[in-house]
Structure formats: structure tokens, C-alpha cells
Amino acid sequence: MAGVFDRLGEAAVAKALQELQTPCYVLDEKVLKENGQVLSDVQEHTGCRILLAQKAFSNYDLYPALAPYLAGTEASGVFEARLGREEMPDKEVHVFCTAYRAKDMEAIFNYADHVVFNSISQLAVFGPAAKSAGMSIGLRINPECSTQEESHSIYDPCATGSRLGVTRAQWDKLMTEGVYSLLDGLHFHTLCEQDAYDLETTLNAVVEKFGQFLPDMKWLNMGGGHHITRNGYDVARLEKIVKETADKYDLQVYLEPGEACALNAGYLITTVLDVTENNGIKNVIIDASAACHMPDVIEMPYRPPLYGAGEAGEKAFPVRIGGPTCLAGDVVGNYSFDKMPQIGDRLIFGDMAIYTTCKNNTFNGTPLPDIHVLHPDSTTTLVARFGYQDFKYRLGSS
Ligand SMILES: *Cc1c(COP(=O)(O)O)cnc(C)c1O
């Protein structure tokens with residue numbers, strides 16, 4: 001499993017990246033395949049099937065690189081389902097949507113093979129048509145078992161009052177025999193960047209609340225948030241849990257990680273535009289924006305790894321790095337360097353393949369970064385470049 005910046009130590013890679021116009025994302029095909037191999041091994045050892053959750057990573061130029069290692073894709077709605085069908089064809093397409101729109105269902109049935117509903121009411125409304133269309137049908141359950149830190153409550157589907165998944169109380173109140181008979185599988189998604197121990201805790205809650213239904217099911221989808229490709233993740237533990245569950249209930253287990261598929265498989269290369277000082281704080285302003293190009297830095301929040309930089313107080317030159325927009329909070333984070341960054345220097349952020357390109361925006365009319373692929377042989381290919389039209393067309397009649 002790769003460290004964040006392992007490949008940047010290779011001279012040929014450093015040279016290739018030095019020549020790219022900034023800001024740009026660089027997607028690392030080699031790291032992606034290494035992640036794929038880890039996931040492929042888990043499938044081989046356990047018999048589970050692993051899907052790419054496209055909401056985390058949907059740079060389809062790289063789907064052919066990942067496809068050999070995966071069983072298919074997972075989609076959050078009709079567009080991602082279509083993308084999965086088009087760009088990773090001949091593989092499974094699963095859809096989970098918190099609430100489906102009636103007008104999308106026909107298209108979804110066209111692209112998908114597994115459809116997961118978030119409520120018994122939606123299952124009752126769309127389930128019969130889904131069954132006629134040949135879909136394998138699932139229901140998302142909510143085991144009401146929070147395993148995440150409270151500071152991450154935005155990512156906790158088990159938080160009190162959550163709209164995600166059916167609780168046992170809702171199930172007992174609303175489930176009918178007719179609706180139940182539509183079900184092929186159950187789905188839960190409760191984790192975010194977590195290890196196998198939290199899955200185990202969650203699974204105990206699932207079994208306690210919904211275990212009686214598992215023998216009737218063909219499959220159980222354990223969602224995403226499994227940080228399987230992170231250094232130190234307890235893969236053996238995951239494999240044990242998955243295999244035991246599959247054997248005990250005689251069902252197919254699915255996992256649908258997003259992050260783990262593309263963890264550390266991308267960089268955001270930026271250039272320093274200005275350096276200012278306010279009350280002793282050195283503000284380094286770069287040509288990429290936290291708000292536009294790494295939105296999870298603000299939403300989650302987290303501080304992304306930066307090549308060559310230390311923790312805030314670690315090295316001689318402390319700086320605060322921010323973007324070019326007018327948002328006061330468009331700050332990437334506090335770092336420190338051995339020497340003060342200068343205008344024109346390049347700063348390279350790591351782990352930038354996930355929740356970035358598929359989530360970025362043009363707030364402030366900020367241009368979207370180019371997207372390149374870095375191949376295993378250290379060459380790069382430009383796969384997307386954006387301009388004024390990409391900003392304008394979403395705003396009006398052009
Ligand atoms: C977000 C999400 C995933 C992927 O989560 P990661 O944290 O990226 O692994 C999988 N399934 C569902 C239903 C999700 O909402």
C-alpha cells in the first residue's frame with residue numbers, strides 16, 4: 001500500500017508533473033491499480049463483491065484501469081448509474097438513492113441491475129415495477145449504531161433523527177408481507193474512513209435488529225466507508241467478518257467503498273500567486289481553492305497532505321495556505337516549511353482523487369483545474385481542460 005507521495009520521489013514523475021499547467025489534478029493510475037489489487041484480494045479471499053462508489057471517484061478515463069479488480073459500480077442516482085453502465089460495461093450497476101423521482105425510474109431500470117430503496121414507502125411505490133424490470137431489490141436499513149466521532153456527525157447516517165435507512169421501529173410499523181416479498185437484499189452504510197472493528201460493531205447491531213430477516217435474503221450490502229487500502233487497515237479482520245457473515249446466512253456480501261478505491265491516487269498541483277502577512281500570519285495564496293477544488297477540506301473538515309510541508313508548528317516557516325476566492329474561510333490549512341514559499345513555487349497536495357473532481361464548482365467564477373492521468377510509465381495524458389464556457393453554461397441561456 002502506497003504512501004501519499006511515494007511516486008513523487010521518482011525523478012521521471014517529478015519532471016512530468018513540473019511541466020503541467022496549474023492548477024491541475026493528476027490521477028495516478030499506478031496507485032489506483034495497487035488499490036484495486038488490495039480489493040481484488042479481499043474478494044478472492046472471501047467471495048464478496050466490491051463495487052466502486054462513484055460519488056467519491058468518477059473519473060471514467062480510469063475505469064478501465066480499475067475494472068479488472070472490481071465487480072462493478074455503485075451509483076447515487078440515474079446519472080451515475082448511466083455512467084457506470086457506459087464506462088464500466090459488462091459489470092454490475094447498483095443504485096442507492098435517498099429518494100427516487102418517478103420520472104427517472106425507467107432509465108434507472110435500463111442502466112442498473114440492483115436497486116436499493118431508502119424507505120418502505122418508496123419500496124412499496126417503485127418496487128413492483130423494479131421487480132418486473134428484472135431488478136434485484138434491496139432496502140437500506142439503519143442499525144442506529146453510531147461508530148463515528150461526534151465531530152463527523154455530517155457523515156453519520158446513524159445520528160438521531162437521520163433520514164437514511166429504515167430503523168427497526170419504522171420496519172415494524174410499516175412493513176407488509178407483500179412489500180417484504182419484493183426484497184432480495186438488505187443494505188447498510190454507516191461508516192466513513194473506518195476500520196474493520198467499527199464494521200464488526202455495526203454488524204452486531206445489524207444482526208441484533210434485523211438478523212431474523214437475513215436468512216431470507218440473497219445479498220447483504222455493507223456499504224462504503226471501509227478504509228481498506230489505508231496503511232494499517234486490518235484486512236484480515238475484514239475478511240473474517242465478511243466470510244463469517246456470508247457463510248452464516250448463506251448470502252452474497254457486497255462492499256461499495258469509494259475512498260478505498262482511489263485513496264492517495266491523485267494530486268492537486270498548484271502555484272503560489274501571492275504571499276501576504278497579517279498580525280504575524282503569513283498567508284500563502286495559491287491558484288486553487290479549498291472551497292472550489294477540495295470542498296471536503298471545508299465540509300468535513302480536514303487538512304490535506306502537502307508535499308514537503310510539516311505540521312503547523314513543526315518547521316521554521318509557518319504559513320496559512322488559502323485560495324483565490326473572496327470567501328474568508330477559503331483556507332486549506334496551516335502548514336510549515338523549511339524555507340518560505342515564494343511566488344511562482346509549486347505546492348502539491350496529496351490524496352486528491354476522491355471527493356474532488358466529482359464535487360468541484362466554479363464559485364467566484366473560479367476556473368476548474370485541468371485533469372491529467374499519470375501513467376505507470378511516468379507519462380501523463382490530459383483528459384479534461386475547462387474554460388469560460390464551463391462556468392457560463394450552467395447559469396443561463398448562453
Ligand atoms: C458515500 C457512500 C459510499 C462510499 O463511501 P466511502 O466513504 O467513499 O467509501 C458507499 N455507499 C453509499 C450508500 C454511500 O452513501
Side-chain angles (χ1 to χ4, degrees), residues 32 35-36 38-39 42 48-59 66 69-81 83-84 88 92-100 108 112 114-119 122 137-143 146-149 152-159 162-166 185-196 198-199 202 206 219-230 233 235 238 242 253-266 294-297 299-300 302 304 351-359:
L32 214 53
N35 289 342
V38 172
L39 301 175
V42 170
C48 82
R49 294 187 192 160
I50 301 187
L51 312 165
L52 164 68
Q54 296 177 96
K55 81 161 196 267
F57 178 81
S58 33
N59 295 106
L66 268 181
Y69 305 102
L70 297 176
T73 53
E74 188 267 342
S76 320
V78 63
F79 284 177
E80 285 185 357
L83 190 69
M88 209 184 280
E92 297 181 35
V93 175
H94 295 228
V95 190
F96 163 78
C97 187
T98 305
Y100 293 96
I108 285 175
H114 290 65
V115 176
V116 177
F117 295 96
N118 184 55
S119 69
Q122 283 234 316
I137 297 178
L139 180 66
R140 177 165 175 172
I141 53 174
N142 182 339
S146 288
T147 52
Q148 299 188 37
E149 292 161 37
H152 271 199
S153 64
I154 184 177
Y155 292 114
D156 184 7
C158 291
S162 165
R163 73 191 191 293
L164 297 166
V166 175
L186 294 178
H187 174 290
F188 65 86
H189 169 72
T190 65
L191 307 179
C192 178
E193 301 190 336
Q194 282 163 280
D195 210 311
D198 289 328
L199 172 62
T202 302
V206 166
W219 50 266
L220 176 64
N221 187 325
M222 300 185 183
H226 316 283
H227 232 187
I228 305 169
T229 51
R230 178 183 66 197
Y233 181 95
V235 177
L238 171 75
V242 164
V253 169
Y254 285 97
L255 303 175
E256 46 183 31
E259 285 215 25
C261 293
L263 193 70
N264 293 332
M294 31 187 142
D296 276 6
V297 162
E299 239 178 70
M300 194 157 183
Y302 81 106
D351 197 19
M352 281 288 150
I354 47 175
Y355 295 103
T356 51
T357 51
C358 53
K359 211 175 170 181

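Numbering of ligands and ligand atoms starts at 1, following listing order.
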Checklist entry - What is the ring orientation for F96 with H187, classed by angle as parallel under 30°, tilted 30 to 60°, or perpendicular over 60°? => result parallel

Cut-off 3.5 Å, no hydrogens considered: what does the side-chain donor-acceptor table look like for residues 50-58, sequence neighbours left out?
{"unit_1": "Q54", "atom_1": "OE1", "unit_2": "Y63", "atom_2": "OH", "d": "2.7"}
{"unit_1": "Q54", "atom_1": "OE1", "unit_2": "G84", "atom_2": "N", "d": "3.4"}
{"unit_1": "Q54", "atom_1": "NE2", "unit_2": "E74", "atom_2": "O", "d": "3.3"}
{"unit_1": "Q54", "atom_1": "NE2", "unit_2": "E80", "atom_2": "O", "d": "2.8"}
{"unit_1": "S58", "atom_1": "OG", "unit_2": "Q54", "atom_2": "O", "d": "3.2"}

Next on the checklist: Can you tell me if F79 has over 12 outside heavy atoms packed within less than 6.0 Å of its CZ?
Outcome noted: no

Next on the checklist: I'd like to check L238 versus Y233 (side-chain heavy atoms, cut-off strictly below 4.5 Å). Are they in contact?
Outcome noted: yes

Item to check | Side chain proximity check, L32 to Y69, heavy atoms < 4.5 angstrom | outcome: no

Checklist entry - Centroid-to-centroid, H114 to Y254, below 6.0 Å? => result yes

Check ligand 1 for N or O atoms under 3.5 Å from a protein N or O and list each pair with its distance.
{"unit_1": "ligand 1", "atom_1": "7 (O)", "unit_2": "G225", "atom_2": "N", "d": "3.4"}
{"unit_1": "ligand 1", "atom_1": "8 (O)", "unit_2": "G258", "atom_2": "N", "d": "3.4"}
{"unit_1": "ligand 1", "atom_1": "8 (O)", "unit_2": "E259", "atom_2": "N", "d": "2.9"}
{"unit_1": "ligand 1", "atom_1": "8 (O)", "unit_2": "Y355", "atom_2": "OH", "d": "2.6"}
{"unit_1": "ligand 1", "atom_1": "9 (O)", "unit_2": "G225", "atom_2": "N", "d": "2.8"}
{"unit_1": "ligand 1", "atom_1": "9 (O)", "unit_2": "G258", "atom_2": "N", "d": "2.8"}
{"unit_1": "ligand 1", "atom_1": "11 (N)", "unit_2": "E256", "atom_2": "OE2", "d": "2.8"}
{"unit_1": "ligand 1", "atom_1": "15 (O)", "unit_2": "K55", "atom_2": "NZ", "d": "2.7"}

